[in-house]
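The structure presented is a predicted model; accordingly, all values stated were derived computationally and were not measured. Naming convention: chains lettered A, B, ... in sequence-line order (proteins, then strands); numbering from 1 in each chain.
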Amino acid sequence: MGVLPRSFYARDPVVVARDLLGKNVRHGAVVLRITEVEAYRWPGDTACHARSGRTKRNDALWGPPGRAYVYLCYGLHHMLNVVTMDEGVAAAVLIRSCELIDGRSVVRRRRGGVEGPSLLTGPGKIAQALGIDVSFSHRPLYRQGGLVLEHGPPPERMLAGPRVGIDYALDEHRVLPWRFASGDTKWVSHPAGLAPVQF
DNA sequence: CACAGGATCGTT
DNA sequence: ACGATCCTGTGT
């Protein structure tokens, strides 16, 4: 399978997010098909980590497109983001859920023997299944051999809705449909908030 | 220097 | 509904 080129990511995160549905994330023997994503960008989005400026923690978010931005959430879970837009602009897509394509034994071991969609529905589970942490921030996702994103067929149907866990940002951006998911699978977290949309 | 809270998850 | 767990941003 071909690796997504750097140019794929040099676009608006909302567009990149929708295009990421159906693409594969590969790390070693583990291959996951992306089923749910969320877009974040600054300025104009108070939920974006860039809201209080460029820091050591969110530096990758402002960096060149096609790299990883991984941060620690609640002191426990790692969140994998794909950086979009050009250097100097803070924008990214959070990978929230996937289907299992390959590397079943490795994923089950890392996830504690969980079965079914609960294996990979939720951003913390994705990073755990892939075996990545904050040290993966800034790493290119278009270099064969490491953590890479590869081409894959888009879903037949697409769903959209408000982003999950953004209730503290009680502004207009709360209702922006910046969460996207495949309509063809049960491997999606919080299906209730989603409704069909056109590509 | 102290402290509050978070793009979550798994259990109660 | 709640606790785990740790780093950052903010305030004194």
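- Of all nucleotides listed (C/dC6, B/dG6, B/dA7), C/dC6 comes nearest to the side chain of A/L72.
- Within the shown strands, B/dC3 is the pairing partner of C/dG9 under the Watson-Crick or G-U definition, both distances less than 3.5 Å.
- Contacts of A/R179 with the nucleic acid, taken as non-hydrogen atoms under 4.0 Å apart, are absent.
- The side chain of A/R57 lies closest to C/dT8 when the candidates are C/dG9, C/dT8, B/dT8.
- The residue from A/M158, A/R33, A/R157 that alone fulfils the side-chain contact (heavy atoms from CB on, under 4.5 Å) condition with A/L21 is A/M158.
- Taking atom CZ on A/R111 and atom C1' on B/dT8, their separation rounds to 11 Å, with Å as the unit.
- A/K125 has a side-chain polar atom (N or O) that falls below the 4.0 Å cut-off from OP1 or OP2 of B/dG10.
- Atom CG in A/L32 sits 13.0 Å away from atom NZ in A/K125 (nearest 0.5 Å).
- One P atom belongs to C/dC2, the other to B/dG5, and the distance between them is 15 Å to the nearest Å.
- Rounded to whole Å, atom C1' of C/dT8 lies 15 Å from atom CG of A/L61.
- Side-chain proximity of A/S52 to the nucleotides C/dG9, B/dT8, B/dA7 is greatest for C/dG9.
- For the atom pair CD1 of A/I126 and CZ of A/R111, the computed distance is 8.5 Å after rounding to the nearest 0.5 Å.
- The separation between A/L76 atom CG and C/dG3 atom C1' is 10 Å, rounded to whole Å.
- Evaluation of A/Y40 against the base of B/dA7 yields a stacking contact (centre distance < 5.5 Å, interplanar angle < 30°).
- Checked against the 6.0 Å centroid threshold, A/F136 and A/H27 count as a close aromatic pair.
- Atom CZ of A/R110 and atom C1' of B/dC9 are 18 Å apart (whole Å).
- Here the side chain of A/H49 is nearest to one of C/dG9, B/dT8, B/dA7, namely B/dA7.
- Taking the ring centroids of A/H49 and A/Y71, they lie under the 6.0 Å cut-off.
- As rounded to whole Å, 13 Å separates atom P of B/dA7 from atom NE2 of A/H190.
- Distance CD (A/E38) to C1' (B/dT8): 12 Å, rounded to an integer number of Å.
- Whole-Å rounding puts the A/K56 NZ to C/dG9 P distance at 12 Å.
- The separation between A/Y74 atom OH and B/dG10 atom C1' is 14 Å, rounded to whole Å.
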